[in-house]
Amino acid sequence: MTTHYWLFKSEPSTFSITDLENRPKQTEPWNGVRNYQARNMLRDQIKVGDLAFFYHSNCTPPGIVGIVKIVKAGYPDDSAWDAASPYFDPASPPNRPRWFMVDVKFVRKIEPMITLTDIKNHPLLSGMQVAKRGNRLSITPVTVEEWRAIEMLR
DNA sequence: GCCAACGTTGGC
DNA sequence: GCCAACGTTGGC
């Protein structure tokens with residue numbers, strides 16, 4: 001089976017690559033995605049063994065800070081039916097889940113980080129979705145060429 | 001803190 | 001089904 005590549009955004013003040021590294025099993029459910037396009041990828045396309053860049057957004061500077069591996073494929077996001085969760089969504093009850101998540105496992109940090117500026121300035125990376133103006137998708141596909149180009153950098 | 005870009009909502 | 005209003009994202 002072919003490995004596919006992704007980029008997962010997270011605000012480090014909410015959940016950082018270091019938070020993931022420090023989890024007892026270095027594993028975490030990637031919950032809280034509330035966008036249909038990203039949901040479809042989580043539910044239908046992202047498979048066990050796929051790899052993803054961990055991207056820190058809404059911080060200074062934004063950029064790629066590590067690599068994670070998918071260890072559990074799409075399953076219902078239970079934070080949607082937890083009234084105490086910031087991701088609570090009564091429109092996604094357990095018997096009819098609307099939102100999905102995957103489990104990710106820490107692979108390694110990328111140090112120093114590859115900043116958004118680095119990405120925009122790199123001929124093989126400047127076309128990445130995350131570098132596009134107005135891009136807000138928290139999960140985006142990464143091509144094998146882009147993946148290799150970034151691995152070559154560090 | 002600003003604000004452009006985007007997705008969602010809801011009135012009609 | 002249209003589209004204006006609104007809330008959110010996220011770079012700067």
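Lettering of chains follows the sequences in order, A, B, ..., and the numbering in each one begins at 1.
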Phosphate OP1/OP2 of C:dT9: any A:Y55 side-chain N/O under 4.0 Å: no
Length of the CH2-C1' vector between A:W99 and B:dG7, whole Å: 10 Å
Side-chain N,O (A:K120) to OP1/OP2 (C:dC12) below 4.0 Å: yes
Atom-pair distance (CZ on A:R34; C1' on C:dT8), nearest Å: 15 Å
Rounded interatomic separation in angstrom, taking CZ from A:R133 and C1' from C:dC12: 12 Å
N/O donor-acceptor pair under 3.5 Å between A:R154 side chain and A:P112 backbone: yes
Donor + acceptor pair across side chains of A:D118, A:T115 (<3.5 Å): yes
Atom pair distance, as rounded to whole Å: NE2 in A:H56 and C1' in C:dT9: 17 Å
Trace of the salt bridge (Lys or Arg N to Asp or Glu O under 4.0 Å) decision for A:D77 with A:R39: CA-CA 10 Å; A:D77 180 347; A:R39 185 281 307 271; over 6 Å; no
Counterpart residues, side-chain hydrogen bond (donor to acceptor under 3.5 Å, both in side chains), relative to A:T140 (two or more places apart): none
Distances for protein N or O near nucleotides 1-4 of chain C N or O, under 3.5 Å:
none

Toward the 5' end of DNA chain B, by each residue's nearest nucleotide, A:R98 or A:N135: A:N135
Distance, nearest 0.5 Å, that separates CZ of A:F106 from CG of A:D19: 11.5 Å
Parallel, tilted or perpendicular, as decided by the 30° and 60° cut-offs, for the rings of A:H56 and A:F54: perpendicular
Sugar-phosphate, base or nothing in reach of A:K132, heavy atoms under 4.0 Å: nothing
Of A:G134 and A:N58, the one whose closest DNA chain B nucleotide lies more 5': A:N58
A:W99-A:Y36 aromatic ring centre distance below 6.0 Å: yes
Which nucleotide in B:dG7, B:dA5, C:dG10 has an atom nearest any side-chain atom of A:Q37: B:dG7
Separation of atom CG in A:N40 from atom C1' in B:dG7, rounded to whole Å: 14 Å
Proximal nucleotide (of B:dG7, C:dG11, B:dA5) relative to the A:L116 side chain: C:dG11
Integer-rounded Å distance: C:dT9 P and A:Y87 OH: 9 Å
Rounded distance in Å - CD (A:E11) to C1' (C:dG10): 8 Å
Between P of C:dT8 and OH of A:Y36, the distance in whole Å: 16 Å
